[in-house]
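Atoms within each ligand, like the ligands themselves, are counted from 1 in listed order. The figures here come from the full heavy-atom set of this structure, side chains too, leaving out hydrogens, waters and symmetry mates.
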Amino acid sequence: MATKRGSWKTRYGFYLLAVGSACGLGNLWRFPYVVGENGGGAFILLYGFMALAIGAPLLIAELMLGKGTRRSVIVATQQMGQKSGVRSLRWVGRLAVLVSVVVLSYYSVISGWVLHFLTQFLISLFSSTDQVVDKTNLAALMSNGWLQLMLASAHILITVVVVVKGVQQGLERWIGYTMPLFVALVAILVMRSFSLPSTPEVLRFLFYPDFSKLTWSSLNHALGHVFFTLSVGFGTMVTFGSYMREEDHIPTAGFRVTIVDTIISMIAVVMIFPVAFQASNVPLTDPALMFEVLPKYLLGIPGGVLFGLAFFVCLYMAALNASIGLLEVVVSNWVDAQKEMERGKATWYSGAIALLLTVLPALSSSIFKDIRVGGRSLIENLDSLLINWLLPVVALGILIAFNMGISEKEKELGFVDKDKFVSYSMYPHWMFVLQWAGPIVIVLGLLLQIVGVFALD
Ligand code: PHE
């Protein structure tokens with residue numbers, strides 16, 4: 001079909017966007033505390049295995065769906081539904097986009113927290129540190145719901161403005177500038193962190209697997225986080241796949257994105273845990289790991305304000321890159337499904353919807369702080385609902401749509417590259433994961449998690 005669909009001029013463009021979308025707050029903020037919650041080393045091992053065994057093949061499947069149909073996830077799953085005769089498959093795409101919008105609103109609240117610390121460190125540069133220590137206190141931010149809402153709105157606005165500029169001109173250049181800086185800043189912080197005396201203890205916690213620490217829900221927590229961090233189960237990679245060039249080899253791209261994302265997550269834990277162990281009064285399972293422990297530590301060391309600023313700038317860039325990916329998916333689905341819709345308009349409307357939805361999580365720790373389910377706040381429940389329950393379900397749906405709607409021939413053509421011997425030998429394994437292991441493990445994870453809910457772990 002001769003539509004005017006953008007595609008990347010260079011292969012580099014794809015990696016910038018895909019890696020930029022994958023590496024975000026999921027790696028730097030969420031992964032460390034999920035590791036803490038699930039007891040350290042054993043969970044990291046489980047997570048790493050799941051990322052490679054289930055996450056990467058699913059990512060490849062999403063890319064292939066997009067590249068094959070040249071459409072985003074709603075239309076792609078609709079087509080799979082028509083091809084296979086199972087029309088209800090179209091609901092998978094719709095659910096994926098719904099999850100994306102809600103995640104964007106939730107993600108914007110956390111990005112707003114990053115913005116808060118960034119500005120606080122900036123202010124600290126020009127005033128006395130002691131004065132700002134109070135203000136950077138997480139509790140102060142938490143009790144101020146309107147501030148959180150304002151920051152989240154500012155983040156959504158910035159994201160919309162970047163996306164309005166379009167796939168090629170806007171995003172490629174933007175992300176191209178920020179990535180190298182991001183890597184350099186994180187590297188500096190890791191070195192700093194490693195010089196702390198708590199490092200040996202941390203390494204034992206992170207890399208010595210104690211399987212007795214795993215709970216019923218750990219498998220699903222690992223899977224949910226794999227999907228979240230790889231941006232799988234949202235339809236993000238379907239959209240990115242639809243922009244790929246004909247000659248791009250999808251499995252290579254999928255594996256590279258998985259590897260880079262996993263490395264960044266590992267770097268995040270070795271960066272944050274030495275600091276957290278040092279400040280032992282903070283539980284390692286707390287989402288505040290990054291927003292409480294780190295700023296306080298940084299403010300206490302010489303040159304810490306500059307470090308803090310650098311760190312939060314880099315964290316914000318990561319959050320922005322990921323948010324751009326989320327919004328991009330919603331917009332591209334909208335434009336694909338409704339031909340008369342203009343891209344710019346769809347972007348503003350999607351931003352407005354995310355803004356409306358953001359009210360609930362933004363006010364979760366202030367006005368709505370008494371609304372607690374299972375002892376957890378609104379925002380914590382939203383995180384769990386989205387990432388531990390809905391994402392695995394959508395991922396399973398995408399797997400089923402892929403298996404039913406794409407023929408064996410197409411799968412083989414997309415996967416096997418005649419110049420790459422590995423792709424021949426990997427092909428049967430990949431088929432096994434997509435058709436059997438993937439769905440079984442996802443269902444098992446969900447079932448064990450249900451057991452976990454009753455066992456109260
Ligand atoms: N993968 C991103 C992260 O780890 C989150 C995200 C999900 C971004 C889906 C885009 C799409 O932070």
Asks: Are Tyr107 and ligand 1 in contact, using a heavy-atom cut-off of under 4.0 Å?
Replies: yes
Asks: Using distance alone, with no hydrogens and no angle criterion, decide if Ser21 and Thr236 have a side-chain donor and acceptor under 3.5 Å apart.
Replies: no
Asks: Using a 3.5 Å cut-off on N or O atoms only, is Gly325 in polar contact with ligand 1?
Replies: no
Asks: With ring centroids as reference points, do His116 and Phe312 lie under 6.0 angstrom apart?
Replies: no
Asks: Flag the pair Glu410 and Lys67 as a salt bridge only when some basic side-chain nitrogen lies within less than 4.0 angstrom of an acidic carboxylate oxygen.
Replies: no
Asks: Is there a polar contact between ligand 1 and Leu230, counting only N or O atoms under 3.5 Å apart?
Replies: no
Asks: Find all atoms of ligand 1 within a distance of less than 4.0 Å from any non-hydrogen atom belonging to Thr236, and give their numbers and elements.
Replies: 9 (C), 11 (C)
Asks: Kindly identify the option in Cys23, Ala322, Ala22 whose heavy atom sits closest to atom 3 (C) of ligand 1.
Replies: Ala22
Asks: Check this for me: Phe207, atom CZ, are more than 12 non-hydrogen atoms of other residues, nucleotides or ligands nearer than 6.0 Å?
Replies: yes
Asks: How far is atom 8 (C) of ligand 1 from the closest protein heavy atom, and which atom is that?
Replies: Ser21 O, 3.4 Å
Asks: Kindly state whether the ring of Tyr243 and the ring of Phe14 have centres lying under 6.0 angstrom apart.
Replies: no
Asks: Hey, looking at atom 1 (N) of ligand 1, which of Phe227, Phe228, Phe31 has the closest heavy atom?
Replies: Phe228
Asks: We want to know whether Gln449 and Trp216 form a side-chain donor-acceptor pair, criterion being a heavy-atom distance below 3.5 angstrom.
Replies: no
